[in-house]
Participant: 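Take a look at the following structure, please.
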Amino acid sequence: MSDDTQTRGLVDTNILILRSQLNQEELPSELAISAVTLAELSAGVYHVSGDSADASQERAKRVGILQNAENQFDAIPFDSDMARRYGQLSAAVHAYGRTPRRRIADIMIAATASVLQLPLYTTNPDDYAGLEQWVDIVPVTRP
């Protein structure tokens with residue numbers, strides 16, 4: 001389903017987190033992100049608890065990834081067409097035997113890709129199991 005000539009693709013959150021470690025040849029030449037990815041990255045900063053040196057270092061790393069994404073990309077807003085598609089994809093995930101509630105952000109990102117007809121690049125293709133007829137999922141090798 002993936003088109004090797006594709007030059008633009010939506011990347012999910014894990015691609016941005018692992019970007020410096022990924023084989024860049026596996027990514028599209030033009031990366032796009034959803035506002036949902038910015039939300040996930042922002043939440044990730046606050047999920048680090050504690051005041052230890054390790055916690056502070058991890059928090060700083062996550063802030064850096066978030067700020068880099070904010071500076072490098074104009075995030076695609078989640079609109080009403082994507083909200084309607086989210087409902088369809090949520091039903092597809094449920095029909096596949098998975099719990100949509102645990103996958104809200106992933107389904108919102110997939111809805112964005114689906115509405116915009118962009119392939120979705122991820123190192124976690126299993127997160128999108130059951131959505132293959134709606135979204136072109138492009139697996140990227142996890143480092």
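The structure presented is a predicted model; accordingly, all values stated were derived computationally and were not measured.
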Participant: Please report the closest heavy-atom contact between A55 and D51, naming both atoms and the distance.
Facilitator: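 Where A55 meets D51 most closely, the heavy atoms are CB-N, 4.5 Å.
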Participant: Would you name the heavy atoms of A111 and F78 that are closest together and state the gap between them?
Facilitator: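 In this case the closest contact between A111 and F78 is CB-CE1, 4.3 Å.
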Participant: Is it true that a side-chain atom of E70 and a backbone atom of N68 form a donor plus acceptor pair closer than 3.5 Å?
Facilitator: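 Such a contact is absent between E70 side chain and N68 backbone.
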Participant: Is the shortest heavy-atom distance from the side chain of V11 to the side chain of R19 under 4.5 Å?
Facilitator: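 No. Closest side-chain heavy atoms not under 4.5 Å.
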Participant: Are any non-hydrogen side-chain atoms of N124 and R142 less than 4.5 angstrom apart?
Facilitator: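 Yes, close enough: below the 4.5 Å cut-off.
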Participant: Which is it for R85 and W134 under the side-chain contact (heavy atoms from CB on, under 4.5 Å) test, yes or no, and what are the steps along the way?
Facilitator: CA-CA 9 Å; R85 184 63 48 87; W134 294 89; 3.6 Å; yes
Participant: Contact between R59 and V45 at the side-chain level, heavy atoms closer than 4.5 Å - yes or no?
Facilitator: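 In short, these two side chains touch, coming nearer than 4.5 Å.
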Participant: On a heavy-atom basis, which atom in S114 and which in V135 lie closest, and how many Å separate them?
Facilitator: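 The answer is CB-CG2, 3.8 Å.
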Participant: Where is the tightest heavy-atom contact between L38 and A69, given as atom of each residue plus distance?
Facilitator: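 Looks like CD2-CB, 3.9 Å.
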Participant: Apply the test side-chain contact (heavy atoms from CB on, under 4.5 Å) to residues Y128 and T122: give CA-CA distance (whole Å), side-chain angles for both, the deciding distance (0.1 Å), then the verdict.
Facilitator: CA-CA 9 Å; Y128 301 97; T122 181; 3.8 Å; yes
Participant: Nearest 0.5 Å please: distance from the CG atom of L89 over to the CG atom of L131.
Facilitator: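 Output value for this atom pair is 5.5 Å.
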Participant: Which distance, rounded to the nearest 0.5 Å, do you find between the CD1 of I65 and the CG of L41?
Facilitator: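 Rounded to the nearest 0.5 Å, the CD1-CG separation comes to 7.0 Å.
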Participant: Are there more than 12 heavy atoms of other residues, nucleotides or ligands under 6.0 Å from atom CD of Q57?
Facilitator: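 Counting other residues, nucleotides and ligands, CD of Q57 stays at 12 neighbours or fewer.
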Participant: What side-chain donor-acceptor pairs closer than 3.5 Å can you find for residues 92-110, not counting sequence neighbours?
Facilitator:
unit_1, atom_1, unit_2, atom_2, d
R98, NH1, D126, O, 2.5
R98, NH2, D126, O, 3.4
R103, NH1, T99, O, 3.1

Participant: Rounded to the nearest 0.5 Å, what separation is found between the CG atom of L16 and the CG atom of L31?
Facilitator: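 Taking CG in L16 and CG in L31, the distance rounds to 7.5 Å.
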Participant: Hey, does L22 have a side-chain heavy atom less than 4.5 Å from the side chain of P143?
Facilitator: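 When only atoms from C-beta onward are counted, L22 and P143 do touch, with a gap below 4.5 Å.
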Participant: Is the shortest heavy-atom distance from the side chain of L10 to the side chain of T112 under 4.5 Å?
Facilitator: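 L10 reaches T112 side chain to side chain.
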Participant: Quick one: does any side-chain atom of S29 pair with a main-chain N or O of T7 as donor and acceptor, under 3.5 Å?
Facilitator: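 Present.
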Participant: Is there a donor-acceptor pair under 3.5 Å between the side chain of E58 and the backbone N or O of V48?
Facilitator: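 Side chain of E58 to backbone of V48: no pair is present.
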Participant: Can you tell me how far apart OG (S42) and CD (Q67) are? Round to the nearest 0.5 Å.
Facilitator: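 Here the interatomic distance stands at 10.5 Å.
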Participant: Determine the minimum heavy-atom distance between I137 and P139, stating which atoms define it.
Facilitator: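 Shortest heavy-atom separation between I137 and P139 comes out as O-CD, 3.4 Å.
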Participant: Decide side-chain contact (heavy atoms from CB on, under 4.5 Å) for I76 and M82; before the verdict, give the C-alpha distance in whole Å, the side-chain angles of both, and the deciding distance to 0.1 Å.
Facilitator: CA-CA 11 Å; I76 299 166; M82 293 164 195; 3.9 Å; yes
Participant: Would you say the side chain of I15 lies within less than 4.5 Å of the side chain of D12, judging by non-hydrogen atoms?
Facilitator: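 Contact flag for D12/I15 side chains = yes.
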Participant: What is the distance from atom CG of D136 to atom CG of L118, rounded to the nearest 0.5 Å?
Facilitator: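 So the CG of D136 and the CG of L118 are separated by 10.0 Å.
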Participant: Checking F73 against T37 for the side-chain contact (heavy atoms from CB on, under 4.5 Å) test, could you report, in this order, the C-alpha distance in whole Å, the side-chain angles of both residues, the deciding distance, and whether it holds?
Facilitator: CA-CA 11 Å; F73 299 98; T37 291; over 6 Å; no
